[in-house]
Amino acid sequence: MTIRVLLADDQALLRATFRILIDTCEGMEVVAEAADGAEAILLAGEHRPDLVLMDIRMPGTDGLTATTAICADPALSGTRVLILTTFEVDEYVAQALRAGASGFLGKDVTAEALLSGIRTVASGESLLSPLATRSLITRFLATPAQGARLATPDQLGTLTAREREIMAMAAEGHSNDEIAEKLYVSPLTVRTHVHRAMTKLDARDRAQLVVMAYQTGLVQAPPPPSPEF
């Protein structure tokens with residue numbers, strides 16, 4: 001199946017570069033381009049792409065607003081958002097993940113990493129680098145702003161012990177294969193438990209499940225590094 005991509009970036013040259021790269025890759029195609037967030041929302045509703053490659057900082061309606069609107073639209077439940085940002089870790093990225101974005105990439109990403117990231121997110125997985133995830137969780141996600149909490153500790157009671165265990169391991173940055181090896185089960189079994197936890201907690205994807213793990217206290221955020229003297 002072909003992965004249908006919507007490009008949203010205010011830089012025409014960057015969009016053209018990404019379009020050439022994606023269109024020449026077997027199994028992918030660019031279905032539309034947006035120069036700002038408002039256009040991205042409109043085109044997402046019109047084309048219903050599998051994935052939106054979203055610049056987070058655009059004039060007018062920014063990528064955060066567009067991501068929130070797209071992820072909240074029930075008609076676009078099958079559309080994933082992959083954030084592009086000059087700054088890999090900042091509060092805007094954290095807000096985008098809370099809103100439902102499935103991951104992020106720096107704009108200096110290699111062609112191979114970009115295409116791999118598109119495939120990963122389009123398949124329903126999250127794309128969060130371990131170091132960036134730890135920084136995001138420590139600074140923004142584990143202590144959400146009022147009204148931004150995605151789940152409460154009480155909701156963890158709907159999960160089985162195995163689902164909580166696997167959710168915690170996923171939050172610590174382990175892949176399905178790594179979890180399977182540690183628990184002596186198949187990767188398919190791990191994937192099934194992850195999806196059941198997502199369904200019970202109403203998580204849009206694995207990225208939101210990770211955020212929930214920290215916000216509910218299932219996993220503790222690492223302490224900030226001690227200052228060096």
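Worth knowing before you read on, the calculation uses all heavy atoms, side chains too, and leaves out hydrogens, waters and symmetry mates. Since the structure is predicted, the reported quantities are computational estimates derived from the model, not experimental observations.
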So which atom in [X] and which in [Y] form the shortest heavy-atom distance, rounded to 0.1 Å?
X	Y	value
Ser102	Val121	CB-CG1, 3.5 Å
Ser123	Thr120	OG-O, 2.6 Å
Ala213	Ala171	CB-CB, 3.5 Å
Ala69	Ile41	CB-CD1, 3.7 Å
Ala34	Ala40	CB-N, 3.4 Å
Leu82	Phe104	CD1-N, 3.7 Å

Could you tell me the separation between the [atom1] atom of [X] and the [atom2] atom of [Y], rounded to the nearest 0.5 Å?
X	Y	atom1	atom2	value
Lys182	Met169	NZ	CE	5.5 Å
Arg48	Leu43	CZ	CG	14.0 Å
Glu172	Ile179	CD	CD1	9.0 Å
Ile166	His193	CD1	NE2	4.5 Å
Arg196	Thr160	CZ	OG1	8.0 Å
Arg57	Leu64	CZ	CG	10.5 Å

With a 4.5 Å cut-off on side-chain heavy atoms, are [Y] and [X] touching?
X	Y	result
Gln208	Leu201	no
Thr152	Thr216	no
Val194	Leu209	yes
Val5	Ile118	yes
Leu115	Cys25	yes
Ile70	Met54	yes
Leu105	Leu114	yes
Lys200	Gln155	no

Practice task
Let me know which of Thr67, Thr61, Asp62 forms a side chain to side chain donor-acceptor pair (under 3.5 Å) with Thr65.
Solution key: Asp62
Are [X] and [Y] connected, step by step, through hydrophobic side chains (Ile, Leu, Val, Met, Phe, Trp, Tyr) whose heavy atoms are closer than 4.5 Å?
X	Y	value
Leu218	Leu183	yes
Leu14	Leu51	yes
Val30	Leu21	yes

Exercise for the section: Could you tell me whether Glu181 atom CD has more than 12 heavy atoms of other residues or ligands within 6.0 Å of it? Expected result: no
Exercise for the section: May I have the step-by-step check of side chain to side chain contact (heavy atoms under 4.5 Å, CB included) for Ile3 and Arg119, ending in yes or no? Expected result: CA-CA 8 Å; Ile3 300 172; Arg119 293 190 189 96; 4.2 Å; yes
Practice task
Quick one: do Val185 and Val190 satisfy side chain to side chain contact (heavy atoms under 4.5 Å, CB included)? Show the steps, please.
Solution key: CA-CA 7 Å; Val185 297; Val190 173; 3.7 Å; yes
Would you say the side-chain atoms of [X] pair up with the backbone N or O of [Y], donor to acceptor, closer than 3.5 Å?
X	Y	value
Asp36	Glu39	yes
Arg164	Leu159	yes
Thr2	Met28	no
Arg80	Ser77	yes

Exercise for the section: Show your reasoning for whether side chain to side chain contact (heavy atoms under 4.5 Å, CB included) applies to Cys71 and Val81. Expected result: CA-CA 8 Å; Cys71 293; Val81 176; 4.0 Å; yes
Practice task
Scan for salt bridge (Lys or Arg N to Asp or Glu O under 4.0 Å) pairs involving residues 2-24, sequence neighbours excluded, and state none if there are none.
Solution key: Asp9-Lys107, Arg15-Glu33, Arg19-Asp23, Arg19-Glu33
Practice task
Determine, stepwise, if the pair Thr110 / Glu112 fulfils side chain to side chain contact (heavy atoms under 4.5 Å, CB included).
Solution key: CA-CA 5 Å; Thr110 65; Glu112 182 179 356; 4.2 Å; yes
